[in-house]
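Okay, so here's the structure we're looking at.
In what follows, chains carry the letters A, B, and so on, assigned in the order in which the sequence lines appear, proteins first and then strands, with residues in each chain numbered from 1.
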Amino acid sequence: MKINPVRGTHDLFGDEINKFNKVVAEVKNISQQFGFNELITPIFESSELFKKPLGEQSDVVLKEMYTFNDRNEDEITLRPEYTTPMIRAAISNGLLNNLPAKFFGTGQMFRRERPQKGRYRQFNQINFENFGSDDLFADIEIICLANTLLKKLIPNSKFTLHINTLGARENLSDYKKILSKFFNNNQKFLSKDSLDKINTNPLRILDSKNPEDSVLIKKSPKLIDLTSKTDLNNYEEIKKSLTGLGINIFEDPNLVRGLDYYCHTVFEFKSNELGSQDTLIGGGRYNGLIQTLGGKNLPGVGWAGGIERIMLLMKSIPKKQENIHLAILDPTFKLHAIKIYDFLIKNNFSVYWNYKYNLKKSLSFANEKRINYLIIVGENEKANNNFSLKNLSNGKQVIVNIDNILDYLK
RNA sequence: GCGAACGUAGCUCAGUUGGUUAGAGCGCGGCCUUGUGGUGGCCGAUGUCGGGGGUUCGAAUCCCCUCGUUCGCCCCA
């Protein structure tokens with residue numbers, strides 16, 4: 001019986017796990033620098049946590065969630081995103097009393113989509129969320145954090161910050177109505193896919209890649225005309241600050257996000273080295289969401305990053321090698337060998353033996369793995385209660401014992 | 001969910017218009033060499049040709065179904 005991994009899921013090992021661990025380590029580093037605290041939430045939640053905030057008509061809710069009934073008929077969903085669970089956890093545990101409340105987390109998300117490069121059914125996200133502040137500094141800070149992280153992890157890749165403002169939540173709902181009306185009056189100029197979105201999610205027509213739609217999109221009412229002067233000034237200030245930080249920005253008035261809760265600043269870090277799934281990090285402001293989930297009326301801003309997508313752009317990371325290799329020449333010398341093995345481990349060296357009683361093989365092995373030292377345990381060594389230590393880079397060999405071996409190892 | 005390409009050894013891939021026992025390189029194991037190095041030489045094992053069904057005297061090769069991967073759409077991280 002051979003059982004394969006479920007479609008869209010992967011096992012992590014070798015170079016991939018090294019990359020994965022590096023991402024997580026760097027995330028923890030940077031979170032410390034920017035003053036964010038770790039918050040880990042369960043893999044599954046009540047389905048209702050996701051349905052309304054993400055949008056009843058969004059694709060994620062409509063066809064991508066892994067939802068099932070528990071034995072007592074509670075409806076459970078494997079989390080498809082991390083922002084709403086984090087808010088839920090912050091509310092559940094009274095973490096919103098000291099503001100701003102800055103949290104981050106990494107973990108698996110689940111969406112039932114067609115797998116593709118950079119798109120998997122179980123995938124890992126990094127999330128940074130800042131609850132409770134309307135200050136533009138929060139927007140700038142969290143985008144700067146994202147940029148810093150990407151620069152650290154993929155210094156040789158080019159990525160661009162796409163940015164837009166959706167304006168205040170009230171303007172946005174007005175704008176959706178105006179857009180629906182406009183598209184309804186011009187149905188014959190729209191592609192089939194876009195027609196389906198007129199009433200459910202007209203914003204998404206704006207970022208359609210279909211050339212059929214491009215003429216009409218150009219003529220469509222502009223969100224910017226509904227946005228207040230204050231909001232536009234704020235947006236300008238954010239862009240100016242980011243440019244001042246040396247971040248490459250691309251202003252994209254058609255950038256909208258797929259989840260319903262966004263307003264004001266929205267952004268995506270994109271790479272052109274990834275193909276179709278090219279967004280490394282996406283996020284924005286979500287004023288009103290915390291209240292929707294039963295908390296106080298607090299603003300918030302945050303982003304999510306795809307760990308697998310970042311890993312696709314990372315160079316391979318060499319495994320840290322053991323620095324000492326054993327060569328045990330006969331099974332009867334094992335008891336003698338284990339003494340030095342144990343001693344070296346206790347002194348923080350890493351020691352390896354490949355279970356082969358053959359000096360030549362041990363040398364070849366150590367060479368191939370670029371191990372610095374070889375300890376030979378043979379008949380003479382056992383008889384005299386010592387060991388032969390060979391420095392593989394210069395070929396010099398000395399007789400040592402447990403009392404003085406540390407003098408010869410650097 | 002839609003469209004297309006692909007799937008042969010642990011890895012990268014050959015495999016002619018269907019024809020005996022399915023190949024190469026790398027890697028792996030053994031020996032040359034029973035206590036000293038990266039080479040070198042000789043031998044060896046690789047396998048449900050993704051899976052199932054069909055056509056045929058005969059299928060890795062043709063047809064159908066299915067699973068998976070990749071690319072595009074869609075969606076998004």
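Comparing B:rG38, B:rU36, B:rU69 by their nearest atom to the side chain of A:Arg7 picks out B:rU69. For A:Arg114, counting side-chain heavy atoms from C-beta on, the closest listed nucleotide (B:rG35, B:rU33, B:rC2) is B:rC2. Considering only the side chain of A:Phe123, B:rA77 comes nearest among B:rG37, B:rG72, B:rA77. Of the candidate nucleotides B:rA77, B:rU70, B:rC75, B:rA77 has the atom nearest to the side chain of A:Arg111. If you check B:rG35, B:rC75, B:rC71 against the side chain of A:Leu329, the one that comes closest is B:rG35. Comparing atom distances between the A:Lys390 side chain and each of B:rU69, B:rA77, B:rU36 picks out B:rU36 as nearest. Residue A:Arg309 places its side chain closer to B:rA77 than to any other of B:rC71, B:rU36, B:rA77.
The distance from atom CG of A:Asp196 to atom P of B:rC75 is 10 Å, rounded to the nearest whole Å.
Using a 4.0 Å heavy-atom distance criterion, A:Ile126 is classed as making no nucleic acid contact. Across all strands, A:Ile307 comes closer than 4.0 Å to no nucleic acid atom at all (heavy-atom distances). A:Tyr120 comes within 4.0 angstrom of a nucleotide base, judged by non-hydrogen atoms across all strands. Residue A:Gly378 is in base contact, counting any heavy-atom pair closer than 4.0 Å across all strands shown. Using a 4.0 Å heavy-atom cutoff across all strands shown, A:Asn358 reaches no nucleic acid atom at all.
Annotation: cation-pi pair A:Arg119/A:Phe123 absent, no NZ/CZ under 6.0 Å from the ring centroid and within 45° of its normal.
Between A:Arg112 and the phosphate of B:rG1, there is a side-chain N or O to OP1/OP2 separation shorter than 4.0 Å.
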